[in-house]
Amino acid sequence: MNYLAHAYLSFHDPDVTAGQLIGDFVKGKQSEAYPAPIRKGIILHRALDEYTDSHPASRTARDIFRPATGLYGGVFLDIVYDHFLANDAERFTLPELARFSEATYQAVEERLPILPPAFRQMFAFMRTHNWLYHYHERDSILRSFGGIIRRARYFNQPAAVPYAVLSDHYEELRDCYNTFIPDAENFMKSLTIELS
């Protein structure tokens, strides 16, 4: 779900970016149907998801969400990490975020015909509403939470519930992000080199 982080941690490689963004739409050995550079992105997506889930800062952040959201805390946390990344002055100014978002959409657009149909459908909304750029806005995070809840089978609270957790624990969650992101960058850089 954390599309901005997956794109950012593709390090400006268009094929890897496309592979990272479709990662949740490609199950198991379906990845073998894709060209090697896109398959590399899918592998990196899966590795990043596993790394994120196991990182101590992410466990702390999920514990903050858990009383209000149960097992869905990790899903909401993905969106929260994208929000903090979009507002991370060490990594993006708003104009840089706008350019990065457009470059990401372009990379995907050029490969769209071979990408999964369900992803293509979602991507149309992503690009039209410029999700990657708008992650810097809190209102967009509330809307993203609403989208998660509409698709959730076992979460029947309104989006205001996880959003209140973000609002009430904003600094604590930002601290978790600040601990996580440099580690994630180092992990993904090393793995990218290893897979080259």
Side-chain angles (χ1 to χ4, degrees), residues 1-14 16-24 41-42 44-62 64-65 69 72-108 122-123 125-127 129-148 159 162-163 165-192:
M1 297 298 295
N2 46 342
Y3 295 114
L4 182 60
H6 281 293
Y8 174 71
L9 294 171
S10 297
F11 307 112
H12 305 288
D13 182 314
V16 169
T17 297
Q20 282 241 45
L21 291 187
I22 66 171
D24 287 330
I42 296 167
L44 288 167
H45 173 108
R46 293 171 179 172
L48 179 57
D49 280 357
E50 187 175 322
Y51 183 81
T52 302
D53 288 346
S54 64
H55 195 281
S58 297
R59 287 199 295 269
T60 298
R62 283 196 306 272
I64 292 170
F65 273 99
T69 64
Y72 279 84
V75 181
F76 295 118
L77 179 60
D78 283 347
I79 302 296
V80 168
Y81 275 173
D82 271 1
H83 171 67
F84 289 124
L85 176 57
N87 286 286
D88 187 336
E90 291 185 17
R91 290 168 174 84
F92 292 114
T93 63
L94 283 182
E96 287 168 346
L97 178 62
R99 288 191 295 272
F100 178 81
S101 299
E102 186 53 39
T104 299
Y105 301 142
Q106 189 62 39
V108 172
M122 182 278 301
F123 179 73
F125 290 101
M126 176 189 281
R127 185 163 200 175
H129 298 286
N130 202 357
W131 289 1
L132 299 180
Y133 177 75
H134 288 294
Y135 278 134
H136 80 276
E137 302 164 346
R138 289 203 197 191
D139 285 351
S140 292
I141 301 309
L142 179 60
R143 286 193 295 274
S144 295
F145 285 177
I148 290 168
Y163 188 75
V165 176
L166 172 60
S167 296
D168 293 346
H169 300 276
Y170 196 83
E171 295 305 325
E172 293 167 78
L173 291 167
R174 182 159 55 188
D175 288 345
C176 291
Y177 162 81
N178 285 333
T179 299
F180 166 77
I181 194 64
D183 291 348
E185 274 189 297
N186 290 333
F187 170 76
M188 291 296 282
K189 282 177 183 174
S190 296
L191 186 56
T192 298

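The structure displayed is predicted, hence computed values, not measured ones.
- Partner Tyr177 forms a side chain to side chain contact (heavy atoms under 4.5 Å, CB included) with one of Asp88, Leu77, Asn87 and no other, that one being Asp88.
- Atom SG of Cys176 sits about 11.0 Å away from atom NE2 of His169, to the nearest 0.5 Å.
- More than 12 heavy-atom neighbours from other residues, nucleotides or ligands sit within 6.0 angstrom of CD on Glu96.
- Side-chain atoms of Met126 and Tyr105, non-hydrogen and from C-beta on, do get closer than 4.5 Å to each other.
- The CG atom of Asn130 sits 15.0 Å away from the CZ atom of Phe125 when rounded to the nearest 0.5 Å.
- At a cut-off of 3.5 Å, with distance as the only test, no side-chain donor of Asp78 or Tyr3 sits close to an acceptor on the other residue.
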**Request:** Verify side-chain hydrogen bond (donor to acceptor under 3.5 Å, both in side chains) between His45 and Asp24, making sure each step is shown before the conclusion.
**Result:** CA-CA 8 Å; His45 173 108; Asp24 287 330; 3.0 Å; yes
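- Looking at Arg174 and Glu171, a side-chain N of the basic residue comes within less than 4.0 Å of a carboxylate O on the acidic one, giving a salt bridge.
- Separating the CZ atom in Phe123 from the OG1 atom in Thr104 is a distance of 9.0 Å, to the nearest 0.5 Å.
- Within the 4.5 Å cutoff, side-chain heavy atoms of Leu4 are placed close to those of Leu97.
- The side chain to side chain contact (heavy atoms under 4.5 Å, CB included) test with Val16 singles out one residue from Ile42, Leu21, Leu44, Leu9, and that residue is Leu44.
- Between Asp49 and His6, the side chains place a donor N or O and an acceptor N or O closer than 3.5 Å (distance only, hydrogens not considered).
- Side-chain atoms of Arg138 do not come within 3.5 Å of backbone N or O of Leu166 as any donor-acceptor pair.
- Proximity of Ser140 to Trp131: side-chain heavy atoms (C-beta onward) are nowhere separated by under 4.5 Å.
- Across all their heavy atoms, Phe92 and Leu85 have their closest contact at CD1-O, 3.5 Å.
- Each of Ile181, Leu173, Asn178 was evaluated against Phe84; a single residue qualifies, Leu173, per the side chain to side chain contact (heavy atoms under 4.5 Å, CB included) test.
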**Evaluation steps, side-chain hydrogen bond (donor to acceptor under 3.5 Å, both in side chains), between Glu185 and Tyr8** = CA-CA 9 Å; Glu185 274 189 297; Tyr8 174 71; 2.7 Å; yes
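- Using a 4.5 Å heavy-atom threshold, the side chains of Ile79 and Tyr135 count as touching.
- Using a 4.5 Å cut-off on side-chain heavy atoms (C-beta onward), Tyr81 and Thr52 make contact.
- Between the side chain of Thr60 and the backbone N or O of Pro56 there is at least one donor-acceptor pair closer than 3.5 Å.
- Ring centroid separation for the pair Phe65 and Tyr72 does not come in under the 6.0 Å cut-off.
- Side-chain atoms of Asp82 come within 3.5 Å of backbone N or O of Ala5 as a donor-acceptor pair.
- Between the CZ atom in Arg127 and the CG atom in Leu132 there is a gap of 10.5 Å [rounded to 0.5 Å].
- Within the cation-pi definition used here (under 6.0 Å to the ring centroid, within 45° of the axis), Arg91 does not qualify as a partner of Phe100.
- At a threshold of 4.5 Å between non-hydrogen side-chain atoms, the residues His134 and His83 do not count as touching.
- Considering NE2 of His55 and CG of Leu48, their distance stands at 11.0 Å, rounded to 0.5 Å.
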